[in-house]
Chemist: 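What follows is a single structure, and I will ask about it in a moment.
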Amino acid sequence: MKVITRIFLTVVAAVAIASCANTSAIVKLDHFVDEAELKSPEYSEKDWELSKAEYEKLVAEMLSDDSEYSDQEREMAARAMGRYHALLIKNGLEQSTSLIKQFGKMLPEYIEGFASSLEESGQNVQSFLQDLFNEEKIDQSLEHLEKSLESIFGDIDE
C-alpha cells in the first residue's frame with residue numbers, strides 16, 4: 001500500500017510540475033522585471049549588463065518553449081517586456097543626462113584649451129568661432145534642451 005501511495009504522489013507531483021512548466025518562463029520573466037524595477041535605481045553599469053543578459057536569457061527561454069500560452073500569459077509576458085524596455089530607456093536617458101551635465105561642467109575648460117591651442121597656431125579664435133557658430137541659436141537650443149530635460153528628469157537628483 002505504501003508503494004502505491006508513493007507512486008500516486010509522484011504522479012501527482014509530476015503532473016503539477018508539468019502544468020506549471022508552461023507559465024514558469026513567463027512567471028520568471030515577470031518576477032525578474034519586478035525585481036529590476038525595485039533595484040534599478042542602484043544599478044551600476046555592470047549591474048545593467050548583467051540584468052540585460054539575464055533578461056535576454058529569460059525571453060529566449062520563454063520563446064523557445066513549445067507550449068501554447070494562454071492570452072493572459074501572453075499579456076503578462078508582453079507587459080513585463082514593456083516594463084523592462086521602459087527601464088532601459090529611462091536608464092539610458094539618465095546616463096545621457098549625467099554625461100551632458102559632466103560635459104557641461106567641463107565646457108569652459110574645454111573651450112579654453114581649444115582656444116589656447118588655436119591661438120598657438122596663430123589663428124584668431126574669436127573670429128573662427130563666430131564664423132563657425134551662431135551663438136544666439138546655440139543659446140536658444142541649449143535653453144530648449146534644458147527645459148526638455150527638466151520636464152523629463154525634474155525629479156532626478158544631481
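Just so it is clear, the model here is predicted, and its values are computed rather than measured. Positions are given from 1, in the same order as the sequence printed here.
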Chemist: Below 4.5 Å, heavy atoms only, C-beta onward: do L38 and D34 meet side chain to side chain?
Modeler: no
Chemist: Apply the test side chain to side chain contact (heavy atoms under 4.5 Å, CB included) to residues Y84 and D30: give CA-CA distance (whole Å), side-chain angles for both, the deciding distance (0.1 Å), then the verdict.
Modeler: CA-CA 9 Å; Y84 190 76; D30 189 57; over 6 Å; no
Chemist: Report the residue from M62, E75, H31 that forms a side-chain contact (heavy atoms from CB on, under 4.5 Å) with I26.
Modeler: M62
Chemist: For E109, look at atom CD and say whether over 12 heavy atoms of other residues, nucleotides or ligands are found less than 6.0 Å away.
Modeler: yes
Chemist: Got a sec, which residues hit side-chain hydrogen bond (donor to acceptor under 3.5 Å, both in side chains) with E54, two or more places apart in sequence or on another chain?
Modeler: none
Chemist: Keeping E35 on the side-chain end and F32 on the backbone end, is there a donor-acceptor pair under 3.5 Å?
Modeler: no
Chemist: Report the distance from atom CG of L63 to atom CG of L58, rounding to the nearest 0.5 Å.
Modeler: 11.0 Å
Chemist: Salt-bridge test for K52 and E56: reply yes if a basic N is under 4.0 Å from a carboxylate O, no otherwise.
Modeler: no
Chemist: Out of curiosity, Q95 CD to K90 NZ, how far, rounded to the nearest 0.5 Å?
Modeler: 13.0 Å
Chemist: Could you tell me whether the side chain of Y69 and the main chain of A77 form a donor-acceptor pair under 3.5 Å?
Modeler: no
Chemist: Can you sort out the partners of H85 under ring-ring contact (aromatic ring centres under 6.0 Å, His included), two or more places apart, ordered by chain and number?
Modeler: Y55
Chemist: Checking E37 now: which residues fulfil salt bridge (charged side-chain N to carboxylate O under 4.0 Å, His left out) with it, not counting sequence neighbours?
Modeler: R83
Chemist: Let me confirm one number: the CG-OG distance from D47 to S40, rounded to the nearest 0.5 Å.
Modeler: 10.5 Å
Chemist: Can you tell me how far the CG atom of N91 sits from the OH atom of Y43, to the nearest 0.5 Å?
Modeler: 10.0 Å
Chemist: State whether the number of non-hydrogen atoms from other residues, nucleotides or ligands found under 6.0 Å of E45 atom CD is greater than 12.
Modeler: no
